[in-house]
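Following: one structure in structure tokens, then a few remarks.
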Amino acid sequence: MSIAAVCPNCRANYNLPDNLFGRKIRCTRCQGSFVAGAIPQTPATRRLSKVRPTAPVALPVRRESGSSRSKSSGIAPAIIGGSIVAGVFAAVLVAGIYFVLGSKNNTPGPTVVMVENRTTTVREVPMANTAPNQTLPTEKAPPQPIAKDPPVENPGTGDGSLTPQVRERVKRATVYLRVTLQNNSAAQGSGFFAVEPGIVLTNAHVLGMLVGQTRKPQKVEVVLNSGQPDERTLPGQILEVDRVSDLAVLRVTGNNLPEPLSVQSSKDLQETQQVYVCGFPLGVNLGKEISIRKSSVASLRKENGEITRVQLEGGMDPGNSGGPIIDTKGNVVGVAVAGIRGTTINFAIPGEKVHSILNGRVSKVTFGQPYKSGDKTSLPVTVVLTNPLGKIKQAGIEVWTGAPGAPRPPSATQPAPVAKDSPRRQLLLAPRDGICGGEIELPPLPAGMAYWFQPIVAGDAARMQWSAAHVYPNTAPPLERRPATLALTHRPGNSNPVEIELTTKFRVERNGSEQELNIDLDGQFREATQSVDNQGIATVRLEYLKVDVGVTVDGRNPPNPTPMQQAAQFVATMAGDLRLDRQGSMVQNRLDMSKAPMGSRAGLGRIGQQVQQSLDALAVPLPGNEVKPGQSWTAQRMIPLDVGRPDAGVMDMKYTYLGVRTRDARLEAVLSLDGAIRARDGNNQYIKGKTSGTAIIDVTTGLTVQAVSSIEVDLDMTIEGQASRADGAMEIQVQRTVPAK
């Protein structure tokens, strides 16, 4: 037998032998003393201590963030909705974590328990028209294909309390969640049956899937009627996790399941309105029975006119995450998600976010490279859905030509044409594993006009919904699917201007705290080929001309410039010595800081590592002979994550030739880049992810003139001796000016 104990000072949790019951114990975390088995008494002013509980409460702590820097960074795969993130997750972790998150001078904002709802889109601005692939702007709120639940009318008591009927129904529908994570640790939280029989809602972070997106828990146990004689435990199947809203959808099967609660919009809530927080504060440390606690609406927080979270006054603690916030009639108006330490300020996800995920929506739309087929031009399109209950039966896109302009709004009926619009063409497909993929024929494009695209979904009973329409931001010539010879020719004396842009956004969880880090690096360089030996190895000097570095932590600029930012002013004193083989792969990468001031060399080293590893990751190995459309070849690229070993991870890359086109009087070949990220052989550390992108090759020289690479990565690491988890993404773009003919 064992007893559960929680330190009242730092909320650390322990499983102790029962012979220690009633004895004084010293906490190994904060060194404070407490009595084993005593119910923790936590004054309101210290309700949430500096360190969150470990198990039994799976509630990450993060900083209350402001709005992070948004940036249009040039070229990237085309995406509507959701979050686009891309790049090489290389030395950025080194510079970001050790110089920013680990900085003693960093003074963050108020600590937030349970991650509140937030947008994770890296960019919101349409791309430049020189891009090989493009991204459409993020939609504010995709339309809903299915009507929301009607309100459940329950008579009130007149004094703001719950009737016995409402109270019992809510108690039956609210469940206690016990989660076994992938590393065998345990986590706990709350949830509730909602909207449809057998559907349980909770937070993504309760499942340990807010940071660490590739790792599902080993087991999710849903405890019904917790603490009652008829308590029973059923397995929960994960249907969907929405990391943007911090919501997760589970399915539970069994007999005599509770009646689902109705989920209502929060738009009719009023400040000071009384609500109730239902769930299991502090897990089961207070007891296994459900708690129903009074709270009140303090504010409806909005972004662009849309309610993103409901601010509550009191009634919530760690362990309530994922539990329902109900009105006096028993209708769910929000989902518990976050609270600021040392205050009575708490947050809930509004009810409309629940319907957004349950009804289904378009997560993103990706466009491939247009190509010619006879006298027709076709465009590959992939539509990715969030569709946990399968309510979307078909999805696709409509395309037409029209005058360029601002995005057009969503619609529940066929949108009316605007002056100069051509007839619409539609691609509508049944989803398979949440994805619809196909090709749509593009209409002829008149001079001065632009292509318009509008995602479309069909729900039950063939109800159609149109998302917001956007102008396609790239009208590059379509590809010709014919063979081409792809070979790199090193020429001594060549001098090529190079521009590199990196945009990084990732989250790190360490010691129970979560922080979000953004790093932007823009640089101008010149690469000069100095010599080529008899084996075809080229010696290249990379001159650093100018580099700008931007850093934010939880949406805020650090109070003091980071070492990278301080060193950027001396970047022209640094250079790189590179050696490239016949295919263009980097076989040597050395920084020359002999002219750099001593105090700047650490920061310059971080900048140089990012730049040169980015060039290495986007160095496309060419086969040196003729290739046919669809032909692929492979190579391996290193991801040097500074987590104890410089060669911790690798990218297994696949390069596919798509075709050629003539642009700016040059023949260029277009390649797709795809790869899987893994730990290097012999390294037991968890590293997993994926990469994709596009490269444009000048056929005459074999030089890569434009490239974008995207990575999403999830890994374990050690920061200042503490085991940590990180995930995120980065976007790298390289543009090279090739010599004139």
Side-chain angles (χ1 to χ4, degrees), residues 50-52 59-71 73 83 85 87 89-124 205 210-212 243-244 246 303 338-342 347 502-522 547-568 602-603 606-607 609-610 641-643 713-715 717-731:
K50 291 184 179 179
V51 182
R52 76 167 175 111
L59 306 177
V61 178
R62 73 177 298 277
R63 308 296 183 186
E64 175 74 347
S65 62
S67 58
S68 59
R69 170 184 175 189
S70 264
K71 178 177 182 224
S73 50
S83 168
V85 284
F89 210 77
V92 174
L93 278 178
V94 180
I97 292 173
Y98 287 98
F99 281 126
V100 182
L101 299 187
S103 173
K104 302 301 182 182
N105 294 325
N106 184 30
T107 53
T111 302
V112 177
V113 178
M114 308 163 286
V115 178
E116 81 276 16
N117 178 32
R118 62 189 182 281
T119 300
T120 57
T121 303
V122 175
R123 302 172 312 158
E124 300 177 353
H205 71 252
L210 194 66
V211 175
R243 286 157 47 88
V244 175
D246 196 1
E303 292 181 8
I340 299 180
R341 280 186 175 150
F347 300 104
L502 301 88
T503 300
T504 306
K505 187 169 188 174
F506 61 91
R507 288 176 289 192
V508 178
E509 185 184 30
R510 57 171 178 159
N511 196 27
S513 295
E514 182 200 346
Q515 290 181 299
E516 186 175 278
L517 172 65
N518 297 324
I519 300 178
D520 295 320
L521 187 151
D522 300 337
V547 171
D548 295 320
V549 179
V551 177
T552 62
V553 180
D554 293 332
R556 297 179 175 88
N557 294 320
N560 299 309
T562 67
M564 285 203 323
Q565 292 174 301
Q566 293 174 341
R606 301 300 185 184
I607 293 174
Q609 188 176 4
Q610 289 189 55
L641 301 171
D642 193 357
V643 290
V713 69
D714 179 4
L715 72 153
M717 58 192 311
T718 300
I719 305 174
E720 297 179 339
Q722 297 176 351
S724 306
R725 175 186 290 190
D727 72 9
M730 190 173 82
E731 177 181 283

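Every heavy atom of this structure was used, including side-chain atoms; hydrogens, water molecules and symmetry mates were not.
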Return the CZ to CG distance between F506 and D714, rounded to the nearest 0.5 Å. 13.0 Å
When every non-hydrogen atom of V551 is compared with those of P558, the smallest separation belongs to O-CD, 3.2 Å
Keeping [X] on the side-chain end and [Y] on the backbone end, is there a donor-acceptor pair under 3.5 Å?
X: R606; Y: P563; result: no
X: D554; Y: Q515; result: no
X: D246; Y: H205; result: yes

Side chain to side chain, I519 and M564, heavy atoms closer than 4.5 Å: yes
Is the shortest heavy-atom distance from the side chain of L502 to the side chain of Q610 under 4.5 Å? yes
Going by distance alone, is a donor N or O of one side chain under 3.5 Å from an acceptor N or O of the other, for N518 and T552? yes
Apply side chain to side chain contact (heavy atoms under 4.5 Å, CB included) to R507 and R725, showing your working. CA-CA 8 Å; R507 288 176 289 192; R725 175 186 290 190; over 6 Å; no
Stepwise, does the side chain to side chain contact (heavy atoms under 4.5 Å, CB included) test hold for V553 with E516? CA-CA 6 Å; V553 180; E516 186 175 278; over 6 Å; no
Does a side-chain N-to-carboxylate-O contact under 4.0 Å join D727 and R243? yes
The side chain to side chain donor-acceptor pair (under 3.5 Å) partners of Q566 (sequence neighbours excluded) come to none
Step by step, work out the side chain to side chain contact (heavy atoms under 4.5 Å, CB included) result for V547 and L521. CA-CA 7 Å; V547 171; L521 187 151; 3.8 Å; yes
Would you please test F347 and I340 for side chain to side chain contact (heavy atoms under 4.5 Å, CB included) and show each step? CA-CA 9 Å; F347 300 104; I340 299 180; 3.9 Å; yes
